[in-house]
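Scroll down for the structure; my scribbles are underneath it.
We're numbering straight along the sequence, starting at 1. Read the numbers this way: they start at 1 and go in the same order the structure lists the ligands and their atoms. Computed over heavy atoms, backbone and side chain alike; hydrogens, waters and symmetry mates excluded.
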Amino acid sequence: MNPEFRTARGGTLVLGGGFAGAYVARGLGRQGATIVNPANFMLYTPLLPEAAAGSIEPRHVTVPLRAMCPHADLLLGAAVALEPDRKIVHVSSEAGAFTVGYERLVIALGSITSTPAVPGLREHALGLKDIGDAIRLRNHVLRQLELADADPPSAARRLTFVFAGAGFAGVEAVAELQELTEGALRRHPRLAGVQPRWVLVDHGPRILGQVPESLARFAARTLSRRGVEILSSTALVSIDGAGVTLSDGRRIETETVVWTAGVSANPVAAQLGLPLDARGRVPVDEHFRVEGLEGVHALGDIAAVPNAASGELDPPTCQHALRQARRLSRNLRGRVKPYAFKSLGSMATLGRRHGIATVGAVRLRGILGWSAARGYHLLALPFYARRARVLADWTVAAFFRRDVAELTP
Ligand SMILES: Cc1cc2nc3c(=O)[nH]c(=O)nc-3n(C[C@H](O)[C@H](O)[C@H](O)COP(=O)(O)OP(=O)(O)OC[C@H]3O[C@@H](n4cnc5c(N)ncnc54)[C@H](O)[C@@H]3O)c2cc1C
């Protein structure tokens, strides 16, 4: 039987409903588009570490695509094959396979966390890429506290937490979860005097390689004061059910390894037969056009996008994905210009009332950096209702202890 055939609304088919795809479809407005995405929401990833620690309700860091892109047609599923000559994309979905015909195709399929050939990585490490990961991580950490309480001799191993990757996700997650655990421990008198061990490992020479060195040093000092051991220029060489081995030969006994080290373009680009650069990204020109494929555009983490303002390829961040999406949607509406965007800066929160931010030439740290980061996210989140929910979560968290209910079914 032939799979069902559909035609993209307004002629534009957007593959991926993350930052880049959702904002392209939103920017097309009444012109319309069809989005193919496995879930019916866009994930606001910068707040994922806070969702993992329970400072924000996980549902509040998602944005329903049907509300965000009211003129778009949303089809749940995953793109599995592309026939550029026939201008159709094959989609696999729970409801059965179908194909979608397009005039213009936008590839916005994002990235995956890099998983190098470290023995035991796939079997034993937790990730922090999607909402399921955030919920799993929080439950896992709280479960370790309960198990340590029930079996105090295992406390040293169970309350050792190893994070690999000291980029934004790893640094924010270790800071948030350290605070969650510190608060939760007050309710475990049997574990009085037990000091959890937090280890942040990165093969680079310093944490937060993307931010100016003075701010990264501030972040490292803040984490160290809270007892986080930072092991730079160090790699995890193997992971097993009882611990990890580091590149300097050290062994750390632990039940928890969180892997946030590195991003790679979504390998589905190869499956779709798209041209790839040496890092697996889809190369595009300054108008997001994929060479040799008529009507095909790519942007966001999956693409190597030249930025006329920086003279470099854009890094994989939502700030850049969002600006690229705004430019591409205008181009698709006929107001064609090459892409150029000057970065607004970068920011990270380090738990309650601590953070760092660069805004133009200004560098903020401590409570100023934290306020700037929170203020930015509040403005960047789509919809007043989502902002209000996140603000309410933050307000409750400021006055009450964190909720330590573990929701493992
Ligand atoms: C934990 C974490 C924290 C982060 N923090 C920050 C931050 O503070 N600041 C910042 O600027 N950036 C941050 N980032 C990076 C930022 O999330 C990405 O750069 C941004 O999401 C890229 O947008 P994108 O649309 O290219 O990819 P995504 O937002 O990942 O969207 C890709 C979409 O494609 C979908 N998809 C995948 N395969 C298929 C398929 N076969 N068919 C259809 N759809 C598919 C995915 O489900 C997803 O919805 C963070 C990332 C993570 C994981």
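A ring-centre distance under 6.0 Å is found for Tyr44 and His377. Ring to ring, His287 and Tyr339 are not that close: their centroids are 6.0 angstrom or more apart.
One option in Val268, Ile112, Leu128, Asp301 has a heavy atom closer to atom 1 (C) of ligand 1 than any other, and that option is Leu128. Of the candidates Ala134, Ser111, Ala20, the one placing a heavy atom closest to atom 24 (P) of ligand 1 is Ala20.
For the residue pair Glu255/His140, the side-chain donor-acceptor check at 3.5 Å is not satisfied. Counting only N and O atoms by type, the side chains of Gln319 and Ser343 include a donor and acceptor under 3.5 Å apart. If you check the side chains of Ser247 and Thr234, you find no donor sitting under 3.5 Å from an acceptor. With 3.5 Å as the limit, one finds no donor-acceptor pair spanning the side chains of Gln144 and Thr256.
The shortest separation from a heavy atom of Val36 to ligand 1 is under 4.0 Å, placing the residue in contact. Within the 4.0 Å heavy-atom cutoff, Gly77 counts among the residues contacting ligand 1.
With ligand atoms numbered from 1 in the order given, ligand 1 contributes 26 (O) to contacts under 4.0 Å with heavy atoms of Gly300. Close approach to Ala321 involves these atoms of ligand 1, each under 4.0 Å from a residue heavy atom: 23 (O). For ligand 1, the atoms lying closer than 4.0 Å to a non-hydrogen atom of Ala169 are 1 (C), 2 (C). The atoms of ligand 1 that sit less than 4.0 Å from any heavy atom of Asn37 are 33 (C), 34 (O), 35 (C), 44 (N), 46 (C), 47 (O), 48 (C), 49 (O). Atoms of ligand 1 lying under 4.0 Å from at least one heavy atom of Ala108, given by number and element, are 32 (C), 33 (C), 34 (O).
Listed by chain and number, the residues in a ring-ring contact (aromatic ring centres under 6.0 Å, His included) with His297 amount to none (sequence neighbours excluded).
A salt bridge links Asp240 to Arg251: at least one charged side-chain nitrogen sits closer than 4.0 Å to a carboxylate oxygen.
Closest to atom 39 (C) of ligand 1, if we only count protein heavy atoms, is Leu109 CD2, 3.4 Å. Cys318 SG, 3.1 Å is the protein heavy atom nearest to atom 10 (C) of ligand 1. Looking from atom 42 (N) of ligand 1 to the surrounding protein, the closest heavy atom is Ala79 N, 2.8 Å. Protein heavy atom in closest approach to atom 29 (O) of ligand 1: Phe19 N, 3.2 Å. The protein heavy atom nearest to atom 28 (P) of ligand 1 is Gly18 CA, 4.0 Å. Taking atom 37 (C) of ligand 1 as the reference point, the nearest protein heavy-atom neighbour is Asn266 ND2, 3.4 Å. From the protein, the heavy atom lying nearest to atom 17 (O) of ligand 1 is Thr45 OG1, 2.4 Å. Looking only at heavy atoms of the protein, atom 8 (O) of ligand 1 is closest to Pro46 CB, 3.4 Å.
Residue Pro316 touches ligand 1 through its backbone alone, judged by heavy-atom distances below 4.0 Å. Under 4.0 Å from ligand 1, not a single heavy atom of Phe168 appears. The proximity of Val80 to ligand 1, defined as any non-hydrogen pair under 4.0 Å, does not occur for either the backbone or the side chain.
Arg374 forms a cation-pi arrangement with Trp394, by the criterion of a distance under 6.0 Å to the ring centre and an angle within 45° of the ring axis. Cation-pi geometry between Arg387 and Tyr384 is satisfied (NZ or CZ under 6.0 Å from the ring centre, within 45° of the ring normal).
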Asp149/Arg187 under salt bridge (charged side-chain N to carboxylate O under 4.0 Å, His left out): CA gap, chis, key distance, verdict = CA-CA 10 Å; Asp149 190 293; Arg187 299 185 194 274; over 6 Å; no

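When atom types are taken as modelled, the side chain of Arg9 and the backbone of His71 share a donor-acceptor pair closer than 3.5 angstrom.
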